[in-house]
Amino acid sequence: MEPLLETHPEAGEVLRVGGGTRLEGTVRVQGAKNSVLKLMSAALLAQGTTTITNVPNILDVKIMSELLRRLGCDVVYDVEAGTVVITVPERPHHRADYDLVRRMRASICVLGPLLSRCGEADVAMPGGDNIGSRGLDLHIDGLQRMGAHVVNEHGYLIATSDQLHGADVWLDFPSVGATETLVMAAVLADGKTTIDNAAREPEIVDICTMLVSMGASIDGIGTSALTIEGVDALHPVEHRTVPDRIVAGTWAVAAAITRGSITIADANPDHLHIALDKLISAGASVRSTGDGFTVSMDSRPKAVDIVTLPFPGFPTDLQPQFIALNAIADGAALVTENLFEARFRFVRELARLGADVRTDGHHALIRGREGLSGAPVEATDIRAGAGLVLAGLVAEGTTEVYGVGHIDRGYAGLVDDLRRLGARVERSATTAM
Ligand code: UD1
């Protein structure tokens, strides 16, 4: 069962990754971190017991479980079974405290459901990944159009409304978080809401699908124009979390960078079109299997240019992994990051392994090297951690990746999976000074 939140062992650990092994075998992908947290929060919209399956064993699920408990829910997270069972009271509490929200930015996803269910939501301004400013203006502007009064006081967003009403909202940018907040607010609002320029990531489709099975009326799912007709009440359901396309994409790069062959099971290649196409351009072969796909590579990768964009564009959450790939590729690649300005911080760490990367604003120029050399490096966020582990797999000698807690936030059972595929990797406590 779920270990206590206070005793999580990630702090002060290091991953030692031995370079030079070709990865080969099969790996299973769990449910998506970026979906399950929102599905858990959507459970707040219906009184009673909601069950979520295909739940990954990651720290963020424990944090979200604790947040929901503080809101008055009974939450049972069965790590082995991969389920979270959430029993929501008739009237949840409406305050999400700073001590949890600062540990996980995704906590902001309780804002919409709490406002709809309680008429008030006090949510601490989030912290989370160290990858840029990440505003909330689109969330706030949309809620205000739906009749909410929103103020920022003493580090908390305080939103109130007697009854939200439908509105026409046009997002300046197809923000994943803002689309989720507004959909969850609109499903119980009075009347019709339209969201134009909505995000259409597979995780948005997943939450909309769950909401529809709870009794919501949503049209245009999977497109950038959503129409939501508010209903009086929703009912609890059982829902299976969509596979984690970013974890699947990370394994795909692992196959390509180590010139190996990995079958990625329980994954949907349709959610990774551009990323897999880039791997094919780099020289990999990609084959669909019944419930996933196989990526194989038998030569040095060719450099590939990347431009990150909202779905269906190339995902920013795979950008560090592809920079690692380009670091050992044949040729030079230009990577453009359009979503999170601070994501290139990871490049400084990659340079410690001998990578030749220059950044200028939101562009990075990577000149591929024949090889990298192992060194101690620090993961600064989840995906930076993944990029460094991938680079460590091909760097000569041993790469020590610190900041393992970041990696644990997104990759369940990473060490076991890597070992099964043939990698030399171990995880241990750092020695105290
Ligand atoms: C989610 C994902 C994250 C992924 C990102 C983009 C979760 C928990 N995280 O983050 O892994 O990298 O989508 O695919 O699901 N913005 C504003 N104002 C707003 C909202 C967003 O300016 O009100 C900006 C952000 O600063 C950022 C960009 O929009 O530059 C993208 O943000 P958004 O799509 O909202 O990402 P998240 O939901 O934070």
Side-chain angles (χ1 to χ4, degrees), residues 31-42 56 58-61 63-64 67 101 103-112 123 125-145 150 152 157 159 169-185 195 197-207 224 241-242 244-247 249-250 271-272 274-275 306-322 336-344 346 361-362 381-387 406-407 409-411:
K33 169 183 94 73
N34 286 352
S35 200
V36 72
L37 303 172
K38 327 302 174 60
L39 303 175
M40 290 173 73
S41 143
I58 52 172
L59 179 62
D60 281 14
V61 174
I63 298 176
M64 183 55 91
L67 179 57
V101 175
R103 295 181 63 188
M104 187 182 72
R105 179 189 154 86
S107 313
I108 193 69
C109 67
V110 298
L111 177 65
V123 181
M125 301 288 283
D129 265 358
N130 196 12
I131 53 171
S133 60
R134 304 182 88 170
L136 292 174
D137 52 315
L138 303 173
H139 302 240
I140 295 168
D141 182 64
L143 291 176
Q144 284 171 334
R145 282 173 195 269
V150 188
N152 176 358
L157 267 188
V169 181
W170 196 91
L171 296 177
D172 288 353
F173 179 88
S175 152
V176 170
T179 303
E180 289 161 346
T181 292
L182 299 178
V183 168
M184 287 194 275
I195 307 174
N197 202 25
R200 46 198 171 122
E201 270 68 2
E203 295 77 27
I204 302 270
V205 172
D206 199 26
I207 192 170
S224 55
T241 314
V242 71
D244 198 315
R245 66 193 161 101
I246 303 301
V247 171
T250 303
H271 294 166
L272 281 164
I274 294 190
I306 302 291
V307 179
T308 68
L309 282 172
F311 191 84
F314 186 94
T316 174
D317 286 353
L318 284 176
Q319 180 256 88
Q321 297 87 321
F322 272 77
T336 305
E337 171 57 54
N338 287 316
L339 278 88
F340 296 116
E341 69 267 26
R343 200 137 232 180
F344 286 149
F346 127 96
H362 63 130
D381 69 64
I382 307 176
R383 311 304 169 189
H406 285 296
I407 302 176
R409 290 189 45 211
Y411 294 87

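Whatever order the structure lists them in is the order used to number ligands and atoms, beginning at 1. We number each residue from 1, following the sequence as shown.
- At least one N or O atom of Leu339 sits closer than 3.5 Å to an N or O atom of ligand 1.
- Across all their heavy atoms, Leu157 and Ile140 have their closest contact at CD2-CD1, 3.7 Å.
- In this structure, the separation between CE on Met104 and CG on Asp60 is 5.5 Å, given to the nearest 0.5 Å.
- Near Leu138, the atoms of ligand 1 lying under 4.0 angstrom from a non-hydrogen atom of the residue are 18 (N), 19 (C), 23 (O).
- Expressed to the nearest 0.5 Å, how far CZ of Arg383 lies from NE2 of His406 amounts to 12.5 Å.
- Atom OG1 of residue Thr308 and atom CG of residue Asp317 lie 9.5 Å apart, to the nearest 0.5 angstrom.
- Those atoms of ligand 1 with a heavy atom of Phe173 less than 4.0 angstrom away are 28 (C), 29 (O), 31 (C).
- Within the listing of ligand 1, atoms 35 (O), 38 (O) sit less than 4.0 angstrom from a heavy atom of Gly177.
- Considering only non-hydrogen atoms, atom 20 (C) of ligand 1 lies nearest to Gly135 out of Ala106, Ala178, Gly135.
- Considering both main-chain and side-chain atoms, Asp317 comes within under 3.5 Å of ligand 1 through a nitrogen or oxygen pair.
- Not a single heavy atom of Glu180 sits under 4.0 Å from any atom of ligand 1.
- Atom numbering of ligand 1 starts at 1 in the shown order; those under 4.0 Å from a heavy atom of Arg105 are 39 (O).
- Residue-ligand proximity: Lys38 is placed with a non-hydrogen atom under 4.0 Å from ligand 1.
- Atom CD1 of Ile407 and atom CD1 of Ile58 lie 13.5 Å apart (nearest 0.5 Å).
- Between Ile108 and Val123 the shortest heavy-atom distance is CD1-CG1, 4.1 Å.
- No side-chain heavy atom of Ile246 sits less than 4.5 Å from a side-chain heavy atom of Ile382.
- Residue Asp137 places a heavy atom less than 4.0 Å from ligand 1.
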